[in-house]
**Q** 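Sharing a structure here in structure tokens format.
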Amino acid sequence: MYQDLKEKVVVITGASNGIGKAMAEEFGKEGCKVVVNYYSSPEGAEEVAATIKNNGGDAVTVQGDVAKEADVVKICQTAHDAFGGIDIMINNAGIEHATPSLEMSAEEFNKVIETNLTGAFVGSREACRHFVETGKKGIIINISSVHDVIPWPNYVNYAASKGGMKLMMETMCMEFAPNGIRINNISPGAIMTEHTTEKFTDPKTRAETEKMIPMGIIGDPKQVATVATFLASENASYITGETLYVDGGMTKYPSFMGGKG
Ligand code: BGC
């Protein structure tokens with residue numbers, strides 16, 4: 001669909017399942033060479049790699065915990081070793097766990113920040129170092145969340161990580177825009193993934209969630225993946241520092257639906 005994406009090297013963290021997997025497969029269909037990072041599922045990652053290869057792309061898998069700086073460096077190094085560089089860096093890996101603030105230890109707070117925010121920073125930094133050194137007009141996409149603007153009780157560490165990701169992206173966008181490097185965020189809302197299946201198949205939670213979405217439907221990972229290929233393509237060549245909400249309208253005050261208030 002996007003001719004200019006063919007043969008591009010894409011690094012995707014957390015790509016063995018969920019939105020990361022859908023993006024890896026979508027970039028594979030565009031003929032990209034994909035570095036499929038996984039944390040705990042080598043089988044999942046190998047399956048994704050096989051799908052990519054069957055669809056005209058190329059892929060390599062690499063284990064790594066994005067909360068560890070050395071692992072993020074290793075993930076990026078894999079792209080250099082296997083495919084000779086990086087063109088598109090997608091910081092996708094993230095974790096979430098509900099804990100009321102009164103019960104949250106500093107360790108639990110930091111764990112989510114280190115994975116979701118610091119991990120994305122190190123990935124962006126590594127990619128930018130390479131882009132600047134080689135004069136490449138590279139692309140960075142961070143997978144954020146609607147909770148970069150919507151506060152989320154019981155998930156203070158998650159909301160803080162995503163809120164931080166917004167200004168991290170905007171700040172790095174300013175630093176590297178003169179080099180022609182584009183940095184953007186995609187902020188998904190309620191998407192059906194391996195992580196959310198349990199809550200969204202519970203009829204009560206599902207109905208409550210759908211009420212918070214003006215379009216009234218839970219999203220599919222592919223609906224996020226196709227936005228990522230667009231953002232990485234030349235069709236988005238003048239977009240940088242932007243957050244694209246892929247949320248069925250969730251960020252648009254759905255409690256006002258029907259003209260209440
Ligand atoms: C979270 C989901 C949640 C959605 C909407 C996402 O960032 O990962 O678990 O359903 O936000 O609240």
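One-based numbering, in listed order, for ligands and for the atoms of each. Just so you know, these numbers come straight off a predicted model, no measurement behind them.
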**Q** For the NZ atom on K137, are there more than 12 heavy atoms of other groups (residues, nucleotides or ligands in this structure) within a distance under 6.0 Å?
**A** no
**Q** Can you tell whether the side chains of E210 and R206 come within less than 4.0 Å, N to carboxylate O?
**A** yes
**Q** ring-ring contact (aromatic ring centres under 6.0 Å, His included) with Y2: which residues, sequence neighbours excluded?
**A** none
**Q** Just list the N/O pairs, ligand 1 to protein, that are under 3.5 Å apart, with the distance for each.
**A**
{"from": "ligand 1", "atom 1": "7 (O)", "to": "S145", "atom 2": "OG", "distance (Å)": "2.6"}
{"from": "ligand 1", "atom 1": "7 (O)", "to": "Y158", "atom 2": "OH", "distance (Å)": "2.7"}
{"from": "ligand 1", "atom 1": "8 (O)", "to": "E96", "atom 2": "OE1", "distance (Å)": "2.5"}
{"from": "ligand 1", "atom 1": "8 (O)", "to": "Y158", "atom 2": "OH", "distance (Å)": "3.3"}
{"from": "ligand 1", "atom 1": "9 (O)", "to": "E96", "atom 2": "OE2", "distance (Å)": "2.7"}
{"from": "ligand 1", "atom 1": "9 (O)", "to": "K199", "atom 2": "NZ", "distance (Å)": "2.8"}
{"from": "ligand 1", "atom 1": "10 (O)", "to": "K199", "atom 2": "NZ", "distance (Å)": "3.1"}
{"from": "ligand 1", "atom 1": "11 (O)", "to": "H147", "atom 2": "NE2", "distance (Å)": "3.4"}
{"from": "ligand 1", "atom 1": "12 (O)", "to": "H147", "atom 2": "NE2", "distance (Å)": "2.7"}

**Q** Assess whether a salt bridge exists between E108 and K111, defined as any Lys/Arg side-chain N lying under 4.0 Å from an Asp/Glu carboxylate O.
**A** no
**Q** Pair up each side-chain donor or acceptor in residues 168-180 with any protein partner under 3.5 Å, not counting sequence neighbours, and list the distances.
**A**
{"from": "E170", "atom 1": "OE2", "to": "K166", "atom 2": "NZ", "distance (Å)": "3.2"}
{"from": "T171", "atom 1": "OG1", "to": "L167", "atom 2": "O", "distance (Å)": "2.7"}

**Q** With sequence neighbours left out, which residue pairs that include part of residues 113-142 fulfil the ring pair (Phe, Tyr, Trp, His ring centres under 6.0 Å) condition?
**A** H80-H130
